[in-house]
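Convention: sequence-line order gives letters A, B, ...; per-chain numbering from 1. None of the values given here were measured: they were computed from a predicted structure.
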2 protein chains.
Amino acid sequence: MATETLTAERILAATEDVLRLYGPAKATVVDVARALGVSHGSVYRHFRTKAALREAVTKRWLDRTTAELSRIVADGSRSAEDRLALWNVALFTAKRKKAGADPQLFATYEVLLRENSGVVDEHITELVGQLVRIVQDGVDAGDFTPVEGDVEATARAVFDATIRFHDPVYAAEWSKPGIEAEMDALLALLVNGLKRRP
Amino acid sequence: MATETLTAERILAATEDVLRLYGPAKATVVDVARALGVSHGSVYRHFRTKAALREAVTKRWLDRTTAELSRIVADGSRSAEDRLALWNVALFTAKRKKAGADPQLFATYEVLLRENSGVVDEHITELVGQLVRIVQDGVDAGDFTPVEGDVEATARAVFDATIRFHDPVYAAEWSKPGIEAEMDALLALLVNGLKRRP
DNA sequence: CAGCTGACAGATTTCAATATCTGTCAGCTG
DNA sequence: CAGCTGACAGATATTGAAATCTGTCAGCTG
């Protein structure tokens, strides 16, 4: 049979399937190899360790969210104020959806968190970077005043302030009734804090 | 020998010692009884379960912080703005100190968190209550405007926004250099958001 | 000879037997 | 007889042996 050649991409797809099926605690490299019909030695030809494989899958999964959010960042038709709120709501919605619809991959993400994986750091850096762009736009438009004149620190502060709505640690609270209202109150407070005083 | 009678207070003190020595994972009710020179059945006469004992010890430990903070709340010689910042810094400092100086009792506190103990809820309710008083004072003095006119929700939003600086989950980050600057930026943003616009 | 296999060493996990702990209570004791 | 003890049942934790997994690599194969 003309079995396709083994590529990193095929391995990632198979690993995602295996993780979805067994979860990060039970999924093994042997399972992934079995799903692909190869020996596990072949998988190690493409990924040096199991951790690297796990990280590559999670990175892909996280990048899907970042790509979605970048559209809000780039939306020139809206004010920075609107985009800031939209972006935060979209991030919250995306994370909550991931936690609910993809619990096993979400659990994998939590494993990386505990491992202090660079993938998570990069994800956070990327998200804060997006916030920096929105805040900078607001400053340029004369709508926002950054804290201590430091746009980077201000974006970081906004990200930290909303941590309850994007850190997986709090995933259990995301389905609590009233959580949206709590987020709205917090966002209103933050936007107010950013606004330039006339 | 005129051994003192066994009181709840003596049991609590002994339990605190035992917890400090062995930590929540290893400390047993038998250890506590041994420290007191009684049988473990006697301990159960005063506390219905081991969890109740653990909670009572932790409650006492948490209440020491709340008492300290209440002095800042009640300090009429300072503006609400100042007290808000002072209170948050004091809470952060107290938590960080507890994590560093009392790691075993801090670990016990984390156990209660995982157990969804009512003691933690009460602690949080009390803290938010203190914030409500500060925010209300600010509103009364004409310095603050509450979000959507709701002082309670506003205080809660401030508490949520600073969660990184008081939730034990983040204890590992509390000794990171630059953390104080990050907190200052966030507090500046929040205070600015609270301020009434002229 | 590039890519894959499968046997292997060491690390990690599983599992079941054993030990310890929690919570109860009948009865002892001062 | 109020307060304490210690034996007990069931729940939980520990332990060590066996099983499985990770990561390597010499050699096979198309």
Side-chain angles (χ1 to χ4, degrees), chain A residues 1-58 104 107-108 110-112 114-119, chain B residues 1-58 104 107-108 110-112 114-119:
Chain A
M1 62 193 110
T3 309
E4 294 138 273
T5 46
L6 190 59
T7 61
E9 184 52 36
R10 280 187 66 218
I11 293 174
L12 285 179
T15 306
E16 198 169 311
D17 290 347
V18 168
L19 279 170
R20 245 189 271 271
L21 197 54
Y22 300 128
K26 287 290 178 184
T28 73
V29 177
V30 174
D31 290 331
V32 173
R34 190 171 19 243
L36 289 160
V38 300
S39 94
H40 75 282
S42 302
V43 173
Y44 279 99
R45 173 163 300 281
H46 292 86
F47 295 92
R48 240 177 40 271
T49 64
K50 185 188 187 179
L53 188 50
R54 190 166 41 217
E55 289 183 355
V57 168
T58 308
Q104 301 283 39
T108 305
E110 288 178 298
V111 170
L112 298 208
R114 265 171 253 130
E115 283 173 347
N116 282 342
S117 160
V119 167
Chain B
M1 63 196 112
T3 309
E4 295 138 274
T5 47
L6 190 58
T7 61
E9 183 53 35
R10 279 188 65 220
I11 294 175
L12 285 180
T15 305
E16 197 168 313
D17 291 346
V18 168
L19 279 171
R20 244 188 273 272
L21 196 55
Y22 301 128
K26 287 288 177 187
T28 73
V29 177
V30 174
D31 290 331
V32 173
R34 190 171 21 242
L36 289 161
V38 300
S39 93
H40 75 282
S42 301
V43 174
Y44 280 100
R45 173 164 301 279
H46 291 86
F47 295 92
R48 244 179 35 271
T49 64
K50 185 188 188 180
L53 188 51
R54 192 166 41 216
E55 290 184 354
V57 169
T58 308
Q104 300 286 38
T108 305
E110 289 177 299
V111 169
L112 298 208
R114 265 169 253 130
E115 284 173 347
N116 283 342
S117 160
V119 166

Participant: How do Val38(A) and Gly41(B) order along DNA chain C: which one's closest nucleotide is nearer the 5' end?
Facilitator: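 Final value for this comparison: Val38(A).
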
Participant: Take the protein atom NZ of Lys26(B) and the nucleotide atom C1' of dT22(C), then report the distance between them rounded to whole Å.
Facilitator: 16 Å

Participant: Considering only heavy atoms from C-beta outward, does the side chain of Glu55(B) approach that of Thr58(B) to under 4.5 Å?
Facilitator: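 No, too far: nothing below the 4.5 Å cut-off.
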
Participant: Is a side-chain N or O of Arg20(A) found less than 3.5 angstrom from the main chain of Gln104(A), in a donor-acceptor match?
Facilitator: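 Checking the backbone N and O of Gln104(A) against the side chain of Arg20(A), no donor-acceptor pair under 3.5 Å is found.
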
Participant: With heavy-atom distances below 4.5 Å as the criterion, would you say the side chains of Phe47(B) and Leu12(B) are in contact?
Facilitator: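 In contact.
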
Participant: Quick one: does Asp17(A)'s side chain have a donor or acceptor within less than 3.5 Å of a partner on Ala14(A)'s backbone?
Facilitator: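 The answer is no, because no donor-acceptor pair under 3.5 Å joins these two groups.
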
Participant: Using atom CG of Leu53(A) as one end and atom P of dC21(D) as the other, report the distance to the nearest whole Å.
Facilitator: 15 Å

Participant: To the nearest Å, give me how far apart OH (Tyr44(A)) and P (dT22(D)) are.
Facilitator: 5 Å

Participant: Just the rounded figure in Å: distance from P of dT5(D) to CG of Leu36(B).
Facilitator: 10 Å

Participant: Given that both distances must come in under 3.5 Å, which nucleotide forms a Watson-Crick or G-U wobble pair with dA13(D)?
Facilitator: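 Its partner is dT18(C) (Watson-Crick or G-U wobble, both distances under 3.5 Å).
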
Participant: Side-chain N or O of Ser39(B) less than 4.0 angstrom from OP1 or OP2 on dT5(D)?
Facilitator: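 So the side-chain polar atoms of Ser39(B) do come within 4.0 Å of the phosphate oxygens OP1 or OP2 of dT5(D), strictly under.
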
Participant: Going by number, which of residues 16-24 of chain B have a non-hydrogen atom under 4.0 Å from DNA chain C?
Facilitator: none

Participant: Where the side chain of Arg45(B) is concerned, which of dT22(D), dT22(C), dC4(D) is the nearest nucleotide?
Facilitator: dC4(D)

Participant: Which nucleotide, in any strand shown, forms a Watson-Crick or G-U wobble pair with dA19(D), with both distances under 3.5 Å?
Facilitator: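 dT12(C) - that is the nucleotide pairing with dA19(D), both distances being under 3.5 Å.
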
Participant: When the distance from NZ of Lys50(B) to C1' of dA11(D) is rounded to whole Å, what number comes out?
Facilitator: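 In whole Å, dA11(D) C1' lies 12 Å from Lys50(B) NZ.
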
Participant: Quick check on dT20(D): is either OP1 or OP2 less than 4.0 Å from any side-chain nitrogen or oxygen of Thr28(A)?
Facilitator: no

Participant: Rounded off to whole Å, could you give me the NE2-to-C1' distance for the His40(B) and dG3(D) pair?
Facilitator: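 The distance from NE2 of His40(B) to C1' of dG3(D) comes to 16 Å, rounded to the nearest Å.
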
Participant: If I compare all heavy atoms of Leu19(A) with all of Val57(A), which pair ends up nearest, and what's the gap?
Facilitator: CD1-CG1, 4.1 Å

Participant: In whole angstrom, give the distance that lies between atom CZ of Arg48(A) and atom P of dC25(D).
Facilitator: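 Arg48(A) atom CZ is separated from dC25(D) atom P by 13 Å.
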
Participant: Name the pairing partner of dC28(C), where a pair is Watson-Crick or G-U wobble with both distances under 3.5 Å, or state none.
Facilitator: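 In the structure as shown, dC28(C) has dG3(D) as its Watson-Crick or wobble partner.
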
Participant: If you assign each of Ala25(A) and Ser42(A) to its closest nucleotide in DNA chain C, which residue comes earlier from the 5' end?
Facilitator: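 Looking at the nearest nucleotide for each, Ser42(A) comes out on the 5' side.
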
Participant: Can you name the closest pair of heavy atoms from Tyr44(A) and Thr49(A) and give their distance?
Facilitator: CE2-CA, 4.1 Å

Participant: In Å and rounded to the nearest 0.5 Å, what is the CZ to OG1 distance from Arg34(B) to Thr28(B)?
Facilitator: 6.5 Å

Participant: What is the distance, to the nearest angstrom, from the NE2 atom on His46(B) to the C1' atom on dT22(C)?
Facilitator: 18 Å

